[in-house]
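Reading through the structure tokens given below for one structure.
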Amino acid sequence: LADNPLSRTLLRRARVAIVGLSGGGTQLATQLAAAGIGEVIGIDYQRLDRGNRFSTDVVSWVDLAIHTTKLAATKRRIWWINPRCRFTCVSSKIPERGGLQALKSADVIVGCVNNLAARADILEIAGRYCIPYIDIGLTIRTADEVPDPAPVVAVAGHVFSNIPGGPCLWCSGYLTKRRLETEAGGADRSYLRNNLGATSKRNALVSPFNGVLANQAACDVLQLILGYANPGAVVVYKIYDGFSGTLTEWSSAEDEEAFR
């Protein structure tokens, strides 16, 4: 982690792809730029809306007012932080051709998406091309059958680091065929790629929680590039509790049966 010619060279030559720039993705991008990563590839096709001001501190009120693209807003912010960091904009879904080509060129992939189908697609691509994959996610649960405003009963998140050949989201049980089928409601994954986000969801003030996960993901990216920690000390699966503000280490073993 020391600032020396070797670490600067390794960081400058690194290329990190971030899929999803709504909340955690934008905060992660600026963290990586500040750390000296040479190229950040942003993959997102959406424009900013009012809800994004609750999920990240990266966008400005001007960006929200003119509904600029998430790519453009993130690129401008990165330029102010580190003009030497190249931000490559890829307006694409996964696994469309543009997004696929961008992921193939990355040294590390980080997924900041909000559905299981996208996670399954990204994980499959990362595994096929032997690229380390880090996945972050946040969920806020409210009490059922309670009149609005329903009380929050859980603020949960995770950071999962998948090294090729090691445990993955399938092995941990986070991804299962049943969960994918439940999310799709009987439709296949191609249907989900085109229709997710069609229904509006209530906005929630989640920027601080997204920041915790983004910061931990940035640490994991640096570990993969610089190797500053003992390999035995690297934790694959971390569970976040927003109520207590803690990241708990969870064990996960490779499970070949999980893919069947």
Side-chain angles (χ1 to χ4, degrees), residues 16-33 39-81 85-103 105-106 109-126 133-140 157 183-185 187-211 213-214 217:
V16 180
I18 302 175
V19 185
L21 296 173
S22 291
T26 54
Q27 297 186 59
L28 172 61
T30 56
Q31 287 280 344
L32 296 179
E39 181 179 1
V40 175
I41 304 171
I43 304 175
D44 200 300
Y45 63 94
Q46 296 178 328
R47 290 184 174 273
L48 292 168
D49 57 35
R50 181 177 177 274
N52 291 118
R53 74 184 180 93
F54 298 103
S55 61
T56 180
D57 60 353
V58 171
V59 301
S60 68
W61 68 269
V62 176
D63 295 321
L64 296 172
I66 64 176
H67 297 289
T68 187
T69 65
K70 296 176 182 178
L71 290 168
T74 307
K75 183 173 184 177
R76 181 166 55 253
R77 186 61 177 266
I78 283 180
W79 186 86
W80 282 106
I81 294 172
C85 176
R86 183 168 66 257
F87 185 78
T88 301
C89 299
V90 180
S91 182
S92 173
K93 299 179 182 180
I94 300 296
E96 292 179 354
R97 180 178 178 85
L100 177 59
Q101 293 299 323
L103 292 182
S105 69
I109 299 171
V110 185
C112 307
V113 295
N114 61 0
N115 64 85
L116 298 177
R119 288 185 167 91
D121 286 339
I122 301 168
L123 181 62
E124 183 177 336
I125 294 169
Y133 173 55
I134 299 171
D135 185 88
I136 68 174
L138 180 73
T139 301
I140 294 184
E183 180 185 73
D188 60 19
R189 280 157 61 179
S190 63
Y191 173 85
L192 274 171
R193 296 182 196 115
N194 295 326
N195 290 274
L196 277 171
T199 57
S200 62
K201 294 183 179 180
R202 181 180 304 164
N203 296 323
L205 184 60
V206 295
S207 177
F209 307 116
N210 282 331
L213 299 176

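Counting from 1, the numbers follow the sequence of the chain as shown.
Ile41 and Ser105 get closest at one heavy-atom pair: CD1-OG, 3.7 Å. The two atoms that bring Gly137 and Leu213 nearest to each other are O-CD1, 3.2 Å, heavy atoms only. Residues Ser92 and Gly99 come closest through the heavy atom pair OG-N, 3.0 Å. Listed here is the closest heavy atom pair of Pro95 and Asp121: CD-OD2, 3.9 Å. Pairing each heavy atom of Ala29 with each of Val40, the nearest pair is CB-CG1, 4.4 Å. The two residues Ala217 and Ile136 come nearest to each other via the heavy atoms CB-CG2, 3.8 Å.
Here Leu48 contributes atom CG and Thr68 contributes atom OG1; the two are 6.5 Å apart, rounded to the nearest 0.5 Å. Taking CZ from Arg119 and CD from Glu183, the interatomic distance works out to 9.0 Å, rounded to the nearest 0.5 Å. Note that CG of Leu123 is 8.0 Å distant from CG of Asp135, once rounded to the nearest 0.5 Å. Distance check: Leu21 CG to Thr74 OG1 gives 4.5 Å after rounding to the nearest 0.5 Å. Interatomic distance, OG of Ser91 versus CD1 of Ile43, reported as 10.5 Å (0.5 Å rounding). If you take CZ on Arg47 and CG on Leu71, they are separated by 10.0 Å, rounding to the nearest 0.5 Å.
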Exercise for review: Using the side chain to side chain contact (heavy atoms under 4.5 Å, CB included) rule, take Leu28 and Val110 through it: C-alpha gap first, then chi angles, then the decisive distance, then the call.
Suggested key: CA-CA 9 Å; Leu28 172 61; Val110 185; 3.4 Å; yes
**Study point:** Derivation and outcome, side chain to side chain contact (heavy atoms under 4.5 Å, CB included), residues Gln27 and Ser207
**Key:** CA-CA 9 Å; Gln27 297 186 59; Ser207 177; 3.6 Å; yes
Practice item. Test side chain to side chain contact (heavy atoms under 4.5 Å, CB included) on Ile18 and Cys112 and set out the steps. Key: CA-CA 7 Å; Ile18 302 175; Cys112 307; 4.0 Å; yes
Review point. Under the side chain to side chain contact (heavy atoms under 4.5 Å, CB included) criterion, do Ile125 and Tyr133 qualify, and how do the steps go?
Key: CA-CA 10 Å; Ile125 294 169; Tyr133 173 55; over 6 Å; no
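Residues Gln46 and Thr69 have side chains not in contact (no heavy-atom distance under 4.5 Å, counting atoms from C-beta outward). Here the side chains of Ile109 and Ile134 are not in contact, with every heavy-atom distance at 4.5 Å or above. For the pair Ile94/Val19, a side-chain contact is recorded, criterion being any heavy-atom separation below 4.5 Å from C-beta on. Under the 4.5 Å side-chain criterion, counting only non-hydrogen atoms from C-beta, Asn210 is not in contact with Pro208. Between Val59 and Leu64, some side-chain heavy-atom pair lies under the 4.5 Å cut-off. The shortest side-chain heavy-atom distance between Trp80 and Arg76 falls under the 4.5 Å cut-off. Side-chain atoms of Asn114 and Ser22, non-hydrogen and from C-beta on, never get closer than 4.5 Å to each other.
A side-chain hydrogen bond (donor to acceptor under 3.5 Å, both in side chains) with Thr26 holds for exactly one of Asn52, Thr56, Asp44; it is Thr56.
For the pair Lys75 and Phe87, the NZ or CZ position fails the cation-pi test of under 6.0 Å to the six-membered ring centre and within 45 degrees of the ring normal.
Looking only at atom types and distance, the side chain of Thr88 has a donor-acceptor partner in the side chain of Glu39 under 3.5 Å away. Asp63 and Ser60 are linked by a side-chain donor-acceptor pair at a separation below 3.5 angstrom, with hydrogens and angles left out of the test.
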